Amino acid sequence: MAASVSVEPAGPCCWDEPVRIAVRGLAPEQPVTLRASLRDEKGALFRAHARYCADAGGQLDLARAPALGGSFAGLEPMGLLWALQPDRPFWRLTKRDVQTPLAVELEVLDGHAPEPGQLLARALLERRFLPPGVRRQPVRAGRVRATLFLPPGSGPFPGVIDIYGVGGGLVEYRASLLAGHGFATMALAFYGFEDLPKEYGDIHLDYFEEALCYMIEHPQVKGPSVGLLGISLGADICLSMASFLKNISATVSINGSGFSGNRTIRYQQTSIPPLGHDLRRSKVAFSGLLDIVDIQNDVVGWCENPSMIPVERAQGPLLFIVGQDDHNWRSELYAQIISERLQARGKDSPQVMSYPGTGHYIEPPYFPVCLASLHKLPNKPVLWGGEPRAHSHAQVDAWKQILAFFGKHLGGAQKRLPPKL
Ligand SMILES: CCCCCCCCCCCCCC(=O)SCCNC(=O)CCNC(=O)[C@H](O)C(C)(C)COP(=O)(O)OP(=O)(O)OC[C@H]1O[C@@H](n2cnc3c(N)ncnc32)[C@H](O)[C@@H]1OP(=O)(O)O
């Protein structure tokens, strides 16, 4: 019998959904190598491989069989996706056009030799970023440059604003995936897109207030308040919005700092001066990579430092997703300072999910960890941190936590049915 690969659920799947991969028709105990590859929209090739042995019946189920080595080892049913690494140095897997899927090619090769053996079977996984029925609406309203993703159904839906960080542009893939879980999600650009400022400058919260008003007034967004989700600088913008603006009922910070970083945050008469940094504290790591984890200035005055965002003013609960191996800055320490600030002011401690072996770039599930890539501020490749297996597991858990947190505090999201595995 010829070998064949089966993937469940069959057909196209969302990028954040797990799949069950199995191979049938092998010889009993046959050694095989599984290879995965994908090409991103810029032509960069990402690859992973793992060695396995079929069972006594000539079957191989990645949910039951441990990988014996390769890009990863052990029982990792989704390892061939999260372990994908780019051939191009310091390249990050990202998705620019969410309307097209990424295709992951799976190949089953005979044997474990370093050189590939005979090709036994092949399959193509179509991984979508625009979940079925999600509507994508470009937003050009006043100064706001964004895309709103509306879940399938009639609504209104609980709303979330999603903000990325340094690098700018309009990053849509996390917002589009979140909409697949029942949240009307706005991917919000704030620089480096169309007529927005070309460079990252002071953070003017009135721009973000305009985006918030757009969401609250939208007939498909359930009022009276929305949630916020941000990573890195985007997380600090979310924390600032929650501290100064009304109608925000839940805020998630992924590896934010809780400080005004190296630009001033401004709202009406208030300004928060930057903590600042000293590039002389950066280290050169392997391959000439910069390690900037310690370049932020020391937090003099601890939780009373004037560069801190006054998070105690936030109306709704806060969730901090923290990578303990974050090399952009010390997210774990900053989450502790924020907790102490809240407690010192008689507020509840925030929920902190702190993940070992996890770096700065915590993305939705199954994105391969980006260990290093161009940082637009020093304009050099920097180390982001993370150990691939731990980081990948953290991404899966963090996504569940984020969905549960928004589900609880924004209420009423329609659950997408989990695939039957
Ligand atoms: C000063 C020292 C630091 C101070 C720090 C302390 C203060 C801390 C302050 C706060 C710290 C907070 C820290 C944080 O917030 S860091 C973390 C958060 N990061 C983000 O949120 C990123 C969001 N934005 C993006 O990723 C971009 O918009 C993307 C990449 C999607 C498009 O972006 P854009 O449309 O602009 O791209 P381009 O096509 O014109 O290419 C431009 C260049 O970009 C490079 N590139 C492109 N794609 C990739 C890729 N896939 N892999 C690797 N590199 C990639 C490439 O070299 C290319 O140049 P070239 O090869 O074409 O010549």
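Values in this document were obtained by computation on a predicted structure and should not be read as measured data. Whatever order the structure lists ligands and atoms in, that order sets their numbers, starting from 1. Sequence positions, counted from 1, serve as the residue numbers for this chain.
Ligand-side atoms of ligand 1 in range of Asn328: 13 (C), range being under 4.0 angstrom from any heavy atom. Proximity to Phe90 (heavy-atom distance under 4.0 Å) selects the following atoms of ligand 1: 53 (C). Close approach to Leu279 involves these atoms of ligand 1, each under 4.0 Å from a residue heavy atom: 2 (C). Every atom of ligand 1 is numbered from 1 in the order shown, and the set under 4.0 Å from a heavy atom of Gln296 is 6 (C), 7 (C), 8 (C). Taking a cut-off of under 4.0 Å to the non-hydrogen atoms of Trp384, the atoms of ligand 1 that pass are 16 (S). Atoms of ligand 1 lying under 4.0 Å from any heavy atom of Leu374, numbered from 1 in the order shown and given with element: 44 (O), 45 (C), 57 (O).
Nearest non-hydrogen protein atom to atom 44 (O) of ligand 1 is Lys376 CE, 3.6 Å. Ranking the protein heavy atoms by distance from atom 21 (O) of ligand 1 puts Gly165 N, 2.6 Å first. Protein heavy atom in closest approach to atom 9 (C) of ligand 1: Asn262 OD1, 3.5 Å. Scanning all protein heavy atoms for the shortest distance to atom 13 (C) of ligand 1 gives Ser232 OG, 2.9 Å. In terms of protein heavy atoms, atom 28 (O) of ligand 1 is closest to Gly168 O, 2.7 Å.
Residue contacts with ligand 1 for Tyr191 are absent, since no atom lies close enough (heavy atoms, distance under 4.0 Å). Under 4.0 Å from ligand 1, heavy atoms of Leu233 appear from its side chain as well as its backbone.
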(message) Please evaluate residues Trp82 and Phe72 with respect to the criterion ring pair (Phe, Tyr, Trp, His ring centres under 6.0 Å), reporting the C-alpha separation (whole Å), side-chain torsions for both, the decisive distance (0.1 Å), and the verdict.
(response) CA-CA 10 Å; Trp82 63 247; Phe72 58 92; 5.6 Å; yes
(request) Begin from the C-alpha positions of Gln296 and Arg330 and carry the test side-chain contact (heavy atoms from CB on, under 4.5 Å) through to its verdict. (result) CA-CA 9 Å; Gln296 293 276 97; Arg330 298 205 175 267; over 6 Å; no
(request) Applying ring pair (Phe, Tyr, Trp, His ring centres under 6.0 Å), run through Tyr173 and Phe367 and close with a yes or a no. (result) CA-CA 11 Å; Tyr173 56 85; Phe367 270 88; 5.0 Å; yes
(request) Before giving the answer on salt bridge (charged side-chain N to carboxylate O under 4.0 Å, His left out), spell out for Arg281 and Asp298 the whole-Å C-alpha distance, their side-chain angles and the decisive distance to 0.1 Å. (result) CA-CA 11 Å; Arg281 288 162 63 158; Asp298 293 338; 2.9 Å; yes
(message) Using side-chain contact (heavy atoms from CB on, under 4.5 Å), reason through Thr358 and Gln324 one step at a time and then give a plain yes or no.
(response) CA-CA 6 Å; Thr358 303; Gln324 290 177 16; over 6 Å; no
(request) Begin with the C-alpha distance, continue with both residues' side-chain angles, and end with the deciding distance and a verdict on ring pair (Phe, Tyr, Trp, His ring centres under 6.0 Å) for Phe244 and Phe208. (result) CA-CA 11 Å; Phe244 288 102; Phe208 298 91; over 10 Å; no
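Two residues are said to be in side-chain contact when any heavy atoms from C-beta on lie closer than 4.5 Å; His181 and Asp16 meet this criterion. Here the side chains of Ser240 and Ile203 are not in contact, with every heavy-atom distance at 4.5 Å or above. Asp294 places a side-chain heavy atom less than 4.5 Å from the side chain of Lys283. Looking at Glu363 and Trp15, their side chains never come closer than 4.5 Å, going by heavy atoms from C-beta outward. The closest side-chain heavy-atom distance from Asp40 to Phe46 is below 4.5 Å. Contact check for Leu148 versus Arg135: no side-chain heavy atoms found under the 4.5 Å cut-off. Looking at heavy atoms from C-beta onward, Glu17 lies out of side-chain contact with Tyr366 at the 4.5 angstrom threshold. Pro101 is not listed as a side-chain neighbour of Arg127, based on a closest heavy-atom distance of 4.5 Å or more.
Heavy-atom proximity to atom 55 (C) of ligand 1, evaluated over Trp91, Trp329, Tyr200, is greatest for Trp91. Atom 37 (O) of ligand 1 has its nearest heavy-atom neighbour, among Lys380, Arg92, Lys42, Arg96, in Arg96. For the residues Leu290, Val171, Asp40, Val166, the heavy atom positioned nearest atom 11 (C) of ligand 1 is part of Val166.
Looking at ligand 1, you won't find any N or O of Gly169 less than 3.5 Å from one of its N or O atoms. The shortest N or O to N or O distance between Thr94 and ligand 1 is not below 3.5 Å. Looking at Tyr164 next to ligand 1, no N or O pair under 3.5 Å apart turns up. At least one N or O atom of Tyr361, backbone or side chain, sits closer than 3.5 Å to an N or O atom of ligand 1. For Gly261, no nitrogen or oxygen atom sits less than 3.5 Å from a nitrogen or oxygen atom of ligand 1, counting backbone and side chain alike. Here's the thing with Ser373: none of its N/O atoms is less than 3.5 angstrom from an N/O atom of ligand 1. Between Ile292 and ligand 1, not a single N/O pair is under 3.5 Å apart.
There is no protein heavy atom closer than 4.0 angstrom to atom 41 (O) of ligand 1. Less than 4.0 angstrom separates atom 30 (C) of ligand 1 from at least one non-hydrogen atom of the protein. Proximity of atom 26 (O) of ligand 1 to the protein is indicated by at least one non-hydrogen atom lying closer than 4.0 angstrom. Within a 4.0 Å radius of atom 35 (O) of ligand 1, the protein contributes one or more non-hydrogen atoms. Checking atom 15 (O) of ligand 1 against the protein gives a heavy-atom contact under 4.0 Å. Within a 4.0 Å radius of atom 61 (O) of ligand 1, the protein contributes no non-hydrogen atoms. Inside a 4.0 Å radius of atom 52 (N) of ligand 1 there is at least one protein heavy atom.
Here the rule is side-chain contact (heavy atoms from CB on, under 4.5 Å) with Leu34, and of Val5, Leu109, Leu62, Leu106 only Leu62 fits it.
In this structure, Arg263 satisfies the cation-pi test against Tyr200, with its NZ or CZ atom closer than 6.0 Å to the six-membered ring centre and inside 45 degrees of the ring normal.
Note on Arg143 versus Glu210: salt bridge recorded, some NZ/NE/NH1/NH2 to OD/OE distance being below 4.0 Å.
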